[in-house]
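Below is one structure, written out as structure tokens; comments come after it.
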Amino acid sequence: MKPLKHLPAWKDLEQHYKSMRDFDMRTAFREDTRRFEQLSLRCGNLLLDYSKNRVTTETMRHLMQLARESGLEDMRAAMCKGERINFTEKRAVLHVALRAPVRPPLMVEGVDVEREVAKVLQRMQHFVEAVHNGSWLGYTGKPIRDVVNIGIGGSDLGPAMVCAALDHYAVENLRVHFVSNLDPAHLATTLKSLDPETTLFIVASKTFTTLETLANANSAKAWLLAALRAPAAVARHFVALSTNVQAVEAFGIDPDNMFIFWDWVGGRYSLWSAIGLSIALQIGWGNFQALLAGAHAMDVHFKEAPLEANMPVILGMLGIWYANFWGTDTYGIFPYDQRLRLLVPFLQQLDMESNGKNVNRANKLVNYNTGPIVWGAPGTNGQHAFFELVHQGTRLIPTDFLAAAVNPTPLADQHEWLLANCLAQTEALLKGKSRAVIEAELITQGMTREAAKALAPHKVFPGNRPSNTLLYQKLDPHTLGMLIALYEHKVFVQGVIWQINSFDQWGVELGKQLAPPIRAALSSVRAIGEHDGSTLGLIADIRRRRGLST
Ligand code: G6Q
């Protein structure tokens, strides 16, 4: 594997960047009336407008050449064939196999993966329908009214985000809740309004060894048993989603109430697997299938469209352009869609856990920046909070704006304003507002020339700031599936260019190893052990507050 910076396309991009440093998008739009047509793309009902970026068609040519020289097409094929591209964990990466509607056999180590997927999906469907039609009852014979998904990270963020996004598709008489945090307040607040006789717990954990999930699941079991006073009640009120049958049995959940998935489904890519059970319970089986079908449509586009007209590739390569040539550190995501309020935390995990890596596929430290810091919030809330920095701060921040083109609620006028604000922000980022215009405005408003001169610099918007806009018809299951898969593949593309493994997550391990000895030190002086000065100081303070010797 040739080091990234030695690739001819990388060198061409370095040269090209020098000629682009003073590029002004405003001039480019003035000089080329076809810029929007050339730098925008449709896939299904999605429109990606990337014309408000510091790029030309030549930039895009260089970026696509870099994708080719990086072996993107081969890596994409390797992923879809089930090769073990997650090489540090020796695992295949097959979330795309979870959403294929037609299932020709896909053999991975002698097992037809697609057949296994179909079997689990069928069991999930029966279960979901049984809960919905009331043939699955609680221990005392009452129908289920509340579902609590207990899981964390990949076993929480995806389903929680989708359930929030599609709550307008929720079936009647069933509410879905999510508990993730180890902080007992999370579970306690959730259980406060629930009735044990009508509550179903889904324990979602790929490994079934995760501290937070097991702690919450045990507390939930104790809460249920305290009310129903019969160990047999667990079988009617607990189901598990996991790859670990033994641990599920050891917890006390009947394997008949377990929906399996496989080690080739990464946690943050797992909402399409059994981990999506909470989604299917909330929106019904048909809508869950539409979500899978949307993702599949994006998979087909990603696999088949030429790189130049491939939405995840374009989004991914624009990110490379900014992170590695313009030196940007962060990436802002602004959905003008309140239902997508959990999209940012979901994408933070997807992007930052996947591409927050500093070692490449040749096991060497990289000498360039990899995954950006992903942040954001739904519009218009963000406008009244941190947009100041995006417009007037000293940093260049690439951004994605997302919005539904069609009013999804009866409150048509509010949606019209929402959409107008979304477009106005990207226009403001592009156009800016010059000192001369501001001075003239202030003088017209009656300010003296001197006062106007002093105030104007504070009111200047430099403009020429980048944004992508993703427009969709309305937020339905199919469209949401497409959007999520779009970002999954974008992250994949960038991981390939940066030559890293996007599918492991060793970075979460060290803190897990250090927590048990610290926990022991909090209550036993003998266990204090070796720590740095700061951690020792903090342990001592906690012990002192508890009246323990230090
Ligand atoms: C995701 C990560 C991580 C994982 C959680 C929960 O890709 O691996 O977020 O999903 O740590 O793990 P379990 O599902 O095993 O409980």
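Residues take their numbers from the sequence shown, with the count starting at 1. One-based numbering, in listed order, for ligands and for the atoms of each. Reckoned from all heavy atoms, side chains included, excluding hydrogens, waters and symmetry mates.
Under 4.0 Å from any atom of ligand 1, one finds heavy atoms of residues I152, G153, G154, S155, S205, K206, T207, T210, G267, R268, Q349, E353, Q505.
For the pair R76 and F492, the cation-pi criterion (under 6.0 Å, within 45° of the ring axis) is not fulfilled. A cation-pi contact, defined as under 6.0 Å to the ring centre and within 45° of the axis, is absent between K357 and Y368.
Of the possible donor and acceptor atoms, none in the side chain of W136 sits under 3.5 Å from a partner among the backbone N and O of V128.
Taking D476 as the reference, T479 meet the side-chain hydrogen bond (donor to acceptor under 3.5 Å, both in side chains) condition, with sequence neighbours excluded.
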Could you list the donor-acceptor pairs under 3.5 angstrom formed by side chains in residues 266-278, with sequence neighbours left out?
from: R268; atom 1: NE; to: S354; atom 2: OG; distance (Å): 2.8
from: R268; atom 1: NH1; to: E353; atom 2: OE1; distance (Å): 3.2
from: R268; atom 1: NH1; to: Q505; atom 2: OE1; distance (Å): 2.6
from: R268; atom 1: NH2; to: S502; atom 2: O; distance (Å): 2.9
from: R268; atom 1: NH2; to: D504; atom 2: O; distance (Å): 2.9
from: Y269; atom 1: OH; to: S354; atom 2: OG; distance (Å): 2.9
from: S270; atom 1: OG; to: G154; atom 2: O; distance (Å): 3.3
from: S270; atom 1: OG; to: G267; atom 2: O; distance (Å): 2.6
from: W272; atom 1: NE1; to: E488; atom 2: OE2; distance (Å): 2.9
from: S273; atom 1: OG; to: S270; atom 2: O; distance (Å): 2.7
from: S273; atom 1: OG; to: I275; atom 2: N; distance (Å): 3.2

Side-chain donor-acceptor contacts of residues 312-323 below 3.5 Å, not counting sequence neighbours, with atom names and distances?
from: W321; atom 1: NE1; to: R54; atom 2: O; distance (Å): 2.9
from: Y322; atom 1: OH; to: N53; atom 2: OD1; distance (Å): 2.7
from: Y322; atom 1: OH; to: R54; atom 2: N; distance (Å): 2.9

